[in-house]
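These values consider heavy atoms only, across backbone and side chains, with no hydrogens, waters or symmetry-generated copies.
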Amino acid sequence: MGPPLLLLLVALQLFTGPSPAAASSHISAVISQSGLDFAKDLLVSHAVETLTPLSVPDIEKSMSIPLVGTVSMTASGIVLHSLTVTNSTVAVGDTGVVVAASLASANLTMEWGYSYSAWVVTIYDCGNASIQVEGVEVGVSMGMKNQNGSLELSVMECGCYMEELDITLNGGSSWFYQVFIDAFSNHIRSSVENAITNKIMEGTLKLDSFLRNLPKKIDLDSVAAMNVTFVNDPLFKRSSVEFDIDGLFIPSDETAAPRDMLLGDIKSALPLASSSKMLWISLDEDVFNSVSALYFEAGLLQRMVDKVPEQFLLNTASWRFLVPQLYRKYPDDKMVLNISAISPPSVRINVGRIDATVDLDVTVNVLDFGEIVPVACMSVSVAVSGAAAVSGNNLGGRVELDYFSFALKWSQIGKLHTVLVQTMLRFFLKSLFVPYVNSYLEQGFPLPIINGFYITDAYILTSYSKMIVSCDVAFIVPETLYPVQTQGRFII
């Protein structure tokens, strides 16, 4: 559709000045044309629901009629009952988006009346009327800016245009019908146009309030929360809109705030190319490293292990021939492993793969008469690789062991055999460490999706230092919790 109102609003967008310099972000969300169409359909559908029924202010007018005199006329109780949308379009300008809709018809009802004086007698008559409107166009041009980490929506242009009104009057004197239509047709048209425009403006104010009040952080747990404050103004391209988000994890008890402006090394999402997905979400590897650093600083990357699948291995009796000195000092005592990260795990994302390394201290302890006694410590460097997956609105994954290296840091039970230590470490890493890590990775963390929207048909690809989630989106109506069928797709 290319109605004149849409063309005018797009033209106004193109003459608006460019955005200021950009700041650094770690998550970029890009809504493609199909995603914009999907959002437009939701907005138009909601607008139609809220526009009807719509009351229009009463109209009063006086006019002089030959042989009759001055006639006072009123059109009251004007109500817009129904709207039928035949087509709608969304277009992207330099600083915002334009939404325009063509309506096949609009139906109104009203009451009419007139009065005039004839000598000493006042003559009054009234009736009702139905109005059929053909050829209605509605359009709104909206801009969005970043205001202290929140989105601010503003209306640059909003208008409604009606072509023809077919007014059918009932009751009263038939001679008055054409007089009324000639006198009130344009007034009714402009009043209805203004009422629809004002109602749309009210709706955009509510949308602005909704955007301003989007949460600035998403809690992962009692330790970490994702900072989802916006950085930079939205970037409006020919057929997409990009939103830049801070994206790094912060302590959950800390208030999320926009970071200082950075004028260099601007990162942007990958081009959409020919993808038909609605939404692309690009995450820097810094996002993953920020949450691992938080957990490390909170002291959560350590674990005391006193149960393993082969429980007999955590008893000195099992080592009496392999490590005789251990058994002689602590015969038939239980053992406990203390596995602690000595630095935050490091995540690296490359084309087609995700790698991570973590340096551990593995301390062997003996329970001697209820007291924990450290007897040996090894420094272990572990490398894993894995794949990510989307479950619901969460991004999770799994890893598997690639390789590890170790060195004995100290020992109170003599020198340990390298082959023996390597075999046992491999067993503990595969049967204990990796499953433990996966139990948390499979839970994942929430992607920055607005409440009420749900990711579908997600596809994940990786490039240098970035992970990209390409997906469609479904909307769940809050009152019914039934999914609304999607006609397009989103891309982040």
*Asks:* Hey, are T89 and N87 close enough side-chain-wise for a donor-acceptor pair under 3.5 Å?
*Replies:* no

*Asks:* Rounded at 0.5 Å granularity, tell me how far NE2 in H26 sits from OG in S282.
*Replies:* 12.0 Å

*Asks:* We want to know whether K40 and S88 form a side-chain donor-acceptor pair, criterion being a heavy-atom distance below 3.5 angstrom.
*Replies:* yes

*Asks:* Check whether any side-chain heavy atom of F433 sits under 4.5 Å from a side-chain heavy atom of V382, and report yes or no.
*Replies:* yes

*Asks:* Would the distance check show the side chain of S191 and the main-chain N or O of H187 forming a donor-acceptor pair, the cut-off being under 3.5 Å?
*Replies:* yes

*Asks:* Give, for atom CG of D208 and atom CE of M142, the distance between the pair rounded to the nearest 0.5 Å.
*Replies:* 11.0 Å

*Asks:* Using a 6.0 Å cut-off, check whether atom OH of Y440 has over 12 heavy atoms from anything other than its own residue.
*Replies:* no

*Asks:* Set out, in order, the CA-CA distance, both residues' side-chain angles and the distance that settles ring-ring contact (aromatic ring centres under 6.0 Å, His included) for F445 and F249, then state yes or no.
*Replies:* CA-CA 11 Å; F445 62 80; F249 282 87; 5.3 Å; yes

*Asks:* Kindly compute the distance separating CD (Q147) from CZ (F230), expressed to the nearest 0.5 Å.
*Replies:* 13.5 Å

*Asks:* Could you tell me whether the side chain of T74 reaches within less than 4.5 Å of the side chain of W112, counting heavy atoms only?
*Replies:* no

*Asks:* Indicate whether any N or O donor in one side chain lies under 3.5 Å from an N or O acceptor in the other, for N350 and R353.
*Replies:* no

*Asks:* With heavy-atom distances below 4.5 Å as the criterion, would you say the side chains of S252 and D221 are in contact?
*Replies:* no

*Asks:* Among D284, V287, L461, find the residue that satisfies the side chain to side chain contact (heavy atoms under 4.5 Å, CB included) test when tested with K466.
*Replies:* D284

*Asks:* For E254, look at atom CD and say whether over 12 heavy atoms of other residues, nucleotides or ligands are found less than 6.0 Å away.
*Replies:* yes

*Asks:* Between C160 and V136, does the side-chain contact (heavy atoms from CB on, under 4.5 Å) criterion hold? Intermediate values first, please.
*Replies:* CA-CA 7 Å; C160 174; V136 184; 4.1 Å; yes

*Asks:* Is any side-chain heavy atom of M162 less than 4.5 Å from a side-chain heavy atom of V192?
*Replies:* yes

*Asks:* So F453 and F475, would you call those rings parallel, tilted or perpendicular, with 30° and 60° as cut-offs?
*Replies:* tilted

*Asks:* Do K217 and N227 come close enough that some side-chain heavy atom pair is under 4.5 Å?
*Replies:* no

*Asks:* Hey, what do you get for OG1 (T204) to CG (L153), rounding to the nearest 0.5 Å?
*Replies:* 6.5 Å

*Asks:* Quick one: OH on Y436 to CZ on R303, what's the gap to the nearest 0.5 Å?
*Replies:* 5.5 Å

*Asks:* Just wondering, do L395 and M467 contact through their side chains at under 4.5 Å, heavy atoms?
*Replies:* yes

*Asks:* May I ask you to check whether H81 and T52 show a side-chain donor-acceptor distance below 3.5 Å?
*Replies:* no

*Asks:* Side-chain donor-acceptor pair under 3.5 Å between D355 and S385, yes or no?
*Replies:* no

*Asks:* So does N213 have more than 12 non-hydrogen atoms from other groups sitting under 6.0 Å from CG?
*Replies:* yes

*Asks:* Using a strict 4.0 Å threshold on nitrogen-to-oxygen distance, state whether K237 and E242 make a salt bridge.
*Replies:* yes

*Asks:* Taking NE2 in H46 as the centre, count heavy atoms belonging to other residues, nucleotides or ligands within less than 6.0 Å. Is the count above 12?
*Replies:* no

*Asks:* So V44 and V138, do their side chains get closer than 4.5 Å, heavy atoms only?
*Replies:* no

*Asks:* Do N232 and D244 have side-chain N/O donor and acceptor atoms under 3.5 Å apart?
*Replies:* yes

*Asks:* State whether a side-chain donor-acceptor pair under 3.5 Å links N338 with Q302.
*Replies:* no

*Asks:* Yes or no on side-chain contact (heavy atoms from CB on, under 4.5 Å) for I349 and Y464, after CA distance, side-chain angles and deciding distance?
*Replies:* CA-CA 6 Å; I349 302 176; Y464 177 70; over 6 Å; no

*Asks:* What do the steps show when you test V384 against V437 for side-chain contact (heavy atoms from CB on, under 4.5 Å), and what is the final call?
*Replies:* CA-CA 11 Å; V384 297; V437 170; over 6 Å; no

*Asks:* Is any side-chain heavy atom of D37 closer than 4.5 Å to a side-chain heavy atom of V90?
*Replies:* yes

*Asks:* Should the heavy atoms of other residues, nucleotides or ligands under 6.0 Å from CD of E60 be counted, would the total exceed 12?
*Replies:* no

*Asks:* Flag yes if more than 12 heavy atoms outside K61 fall under 6.0 Å of its NZ atom; otherwise flag no.
*Replies:* yes

